[in-house]
Amino acid sequence: MQYWLMKSEPDEFSFDDLERRPDQKEPWDGVRNYQARNMMRDSMQVGDQVFFYHSNCEVPGIVGIAQVASAPRPDHTAFDPDDKHFDPKSDPDNPRWFLVDVGFVRHLTRKIPLAEIKQHAESLEGLPLIRRGNRLSVMPIEPDHWDYILDLEAGATE
DNA sequence: GCCAACGTTGGC
DNA sequence: GCCAACGTTGGC
């Protein structure tokens with residue numbers, strides 16, 4: 001079992017949007033970063049747990065738990081000239097971009113803001129989310145950090 | 001809206 | 001292969 005964090009702009013696709021999907025799943029298309037792609041393509045396994053993070057909004061933070069809900073497969077949006085994420089260099093016979101399905105698990109009882117997570121930088125040392133200049137939209141979370149952040153949800157550490 | 005940090009592109 | 005220019009991310 002591995003743990004991840006995935007970012008989404010709530011104006012584009014929010015955690016509530018995921019919950020409202022008929023099967024509560026969404027293909028995580030549009031990722032055009034090699035590091036993020038490699039994690040989805042090479043490391044993710046069905047059932048891995050995911051922190052769902054809202055970025056580029058008033059209070060950025062972790063809002064819910066999701067899970068990896070499919071094996072990796074080519075990102076079809078890269079082949080579609082009309083798609084915003086079209087990439088002419090991605091060849092259907094040798095796809096450049098991959099995705100997994102992300103499935104809804106549960107809301108957190110409260111949003112855990114980035115600002116609060118940063119207050120625990122000592123305990124969360126190495127967490128990519130709080131590393132300087134980090135912009136990865138998909139990142140691994142160490143099991144200890146996963147547990148620590150879930151404890152924050154319950155307010156156990158304030 | 002600003003801007004720091006980062007990844008990518010492309011000329012050489 | 002270097003590196004300047006550019007585009008994007010994302011917190012603030």
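Each chain gets a letter, A, B and so on, in the order the sequences are listed, and its residues count up from 1. Small disclaimer: the values here were computed from a predicted structure and weren't measured.
Side-chain heavy-atom separations under 4.5 angstrom define the hydrophobic clusters, and A/Phe79 shares its cluster with no other residue.
Between A/Lys7 and the phosphate of C/dG10, there is a side-chain N or O to OP1/OP2 separation shorter than 4.0 Å.
The ring-ring contact (aromatic ring centres under 6.0 Å, His included) check on A/Tyr34 picks up A/Trp97, with sequence neighbours excluded. Remark: A/His107 engages A/Phe15, A/Phe104 in a ring-ring contact (aromatic ring centres under 6.0 Å, His included) (not counting sequence neighbours). The side chain to side chain contact (heavy atoms under 4.5 Å, CB included) check on A/Gln35 picks up A/Asn33, A/Leu136, with sequence neighbours excluded.
Pairs engaging residues 68-84 of chain A under the salt bridge (charged side-chain N to carboxylate O under 4.0 Å, His left out) rule: A/Glu12-A/Lys84, A/Arg32-A/Asp75, A/Arg73-A/Asp101 [sequence neighbours left out]. Listed by first and then second residue, the side-chain hydrogen bond (donor to acceptor under 3.5 Å, both in side chains) pairs that reach into residues 55-64 of chain A are A/Glu9-A/Asn56, sequence neighbours excluded. Contacts classified as salt bridge (charged side-chain N to carboxylate O under 4.0 Å, His left out) and involving residues 117-144 of chain A (residues at least two apart or in different chains) are not found. Sorted by first then second residue, the salt bridge (charged side-chain N to carboxylate O under 4.0 Å, His left out) pairs that include residues 40-50 of chain A, not counting sequence neighbours, number zero. Under the salt bridge (charged side-chain N to carboxylate O under 4.0 Å, His left out) criterion, the residue pairs touching residues 85-94 of chain A are A/Asp87-A/Arg96, with sequence neighbours excluded.
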Between the protein and nucleotides 3-7 of chain B, list the N/O to N/O atom pairs that are separated by less than 3.5 angstrom.
residue, atom, partner, partner atom, Å
B/dA5, OP1, A/Arg132, NH1, 3.0
B/dA5, N3, A/Arg135, NH1, 3.4
B/dC6, OP1, A/Arg132, O, 3.1
B/dC6, O2, A/Arg135, NH1, 2.8
B/dC6, O2, A/Arg135, NH2, 2.8
B/dG7, O4', A/Arg135, NH2, 3.3

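Annotation: proximity of residues 52-59 of chain A to DNA chain C (heavy atom, distance under 4.0 Å) is found for A/Tyr53, A/Ser55, A/Asn56, numbered in ascending order. Near-neighbour residues of DNA chain B inside residues 83-90 of chain A, defined by a heavy atom below 4.0 Å, number-ordered: A/Lys89.
A/Asp17 places a side-chain N or O within donor-acceptor distance of the main-chain N or O of A/Ser14, the cut-off being under 3.5 Å.
Between the P atom of B/dT8 and the CZ atom of A/Arg37 lies a distance of 10 Å, rounded to the nearest Å. We find that CG of A/Leu114 is positioned 10 Å from C1' of C/dG10, with the value rounded to whole Å. Computed from coordinates, the A/Leu5 CG to C/dG10 P distance equals 11 Å when rounded to whole Å.
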